[in-house]
**Student:** 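Right, I'll just put the structure down here and ask away after.
Computed from a predicted structure; not experimentally measured. Residue numbers count from 1 along this sequence.
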Amino acid sequence: QVQLVESGGGSVQPGDSLRLSCAASGFTLANYAVGWFRQAPGQEREAISCIANDDDGTYYADSVKGRFTISRDNAKNVVFLDMAGLKPEDTAVYFCVAHRDTPPLLAGLGGLKYEYDYWGQGTQVTVSS
């Protein structure tokens, strides 16, 4: 069965860190560009990061640049999102996405909507004091 499963969400205080995982089954994640999106209640879905499928180049939205880090562990078929310095405005459901090419995910970071190959079900991150 082909699927993406996110994990690692939770409730934390401002300034804390979390690591989100995006695990793939049924396909090899290393062959795909992977992105992280988030959606807060009442807001549009926002692309926040992606990692390329050719050179593992990493890209970030301004809202998370310098605080979040995306990486891969190809042996485990997993992509991570390390989040540091969390803020209340980071509260959202976080989704990972896999797509056969990188440019559409870069377009997503630019605010364009695209039909991606695979989506996960999301994991909730709540940042509150």
**Student:** Sorted by first residue and then second, give each side chain to side chain donor-acceptor pair (under 3.5 Å) pair with at least one member in residues 72-84; sequence neighbours left out.
**Tutor:**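 Found R19-D82, D56-R72.
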
**Student:** I'd like to know if the side chain of Q13 and the backbone of S129 have a donor-acceptor N/O pair within less than 3.5 Å.
**Tutor:**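 Checking the backbone N and O of S129 against the side chain of Q13, no donor-acceptor pair under 3.5 Å is found.
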
**Student:** To the closest 0.5 Å, what do you measure between CG (D16) and CG (L86)?
**Tutor:** 7.0 Å

**Student:** Test: disulfide (SG to SG under 2.5 Å). Region: residues 99-129. Which pairs qualify, not counting sequence neighbours?
**Tutor:**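 Applying disulfide (SG to SG under 2.5 Å) to every pair that reaches into residues 99-129, excluding sequence neighbours, yields nothing.
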
**Student:** Got L81 and V64 here, is their nearest side-chain heavy-atom distance under 4.5 Å?
**Tutor:**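 They are not in side-chain contact.
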
**Student:** Do S11 and S128 have side chains that approach each other closer than 4.5 Å (heavy atoms only, starting at C-beta)?
**Tutor:**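 They are not in side-chain contact.
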
**Student:** Can you find a heavy atom in the side chain of Y60 that is under 4.5 Å from one in the side chain of R67?
**Tutor:** no

**Student:** Could you check whether any side-chain N or O of D55 sits under 3.5 Å from a backbone N or O of G57, counting only pairs where one atom can act as donor and the other as acceptor?
**Tutor:** yes

**Student:** Run through the side-chain heavy atoms of Ile, Leu, Val, Met, Phe, Trp and Tyr, join any pair under 4.5 Å, and report what else lands in Y59's cluster.
**Tutor:** L106, L109

**Student:** Check whether any side-chain N or O of T102 sits under 3.5 Å from a backbone N or O of A52 as a donor-acceptor pair, and report yes or no.
**Tutor:** no

**Student:** In Å, rounded to the nearest 0.5 Å, how long is the span from OG1 of T69 to CE of M83?
**Tutor:**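 T69 OG1 to M83 CE: 11.0 Å, rounded to 0.5 Å.
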
**Student:** Under 6.0 Å from the CD atom of E44, do we count more than 12 heavy atoms belonging to anything else shown?
**Tutor:** no

**Student:** Would you check if the side chain of T91 reaches a backbone N or O of V127 as a donor-acceptor pair within less than 3.5 Å?
**Tutor:**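 Looks like yes, one N/O pair under 3.5 Å.
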
**Student:** Starting from F80, walk the hydrophobic network (Ile, Leu, Val, Met, Phe, Trp, Tyr; side-chain heavy atoms closer than 4.5 Å) and list everyone else you reach, by chain and number.
**Tutor:**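 Once heavy-atom contacts under 4.5 Å are chained together, F80 belongs with V78.
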
**Student:** Answer yes or no: is there a donor N or O on one side and an acceptor on the other, between the side chain of Y116 and the main chain of P104, under 3.5 Å?
**Tutor:** yes

**Student:** Could you tabulate the donor-acceptor pairs under 3.5 Å formed by side-chain atoms of residues 92-100, not counting sequence neighbours?
**Tutor:**
| unit_1 | atom_1 | unit_2 | atom_2 | d |
| --- | --- | --- | --- | --- |
| Y94 | OH | R38 | NH1 | 2.9 |
| Y94 | OH | D90 | O | 2.6 |
| H99 | ND1 | D117 | N | 3.2 |
| R100 | NE | D117 | OD1 | 3.2 |
| R100 | NE | D117 | OD2 | 3.0 |
| R100 | NH2 | D117 | OD1 | 2.4 |

**Student:** Scan the side chains in residues 20-34 for donor-acceptor partners under 3.5 Å anywhere in the protein, sequence neighbours excluded, and list what turns up.
**Tutor:**
| unit_1 | atom_1 | unit_2 | atom_2 | d |
| --- | --- | --- | --- | --- |
| S25 | OG | Q1 | O | 3.4 |

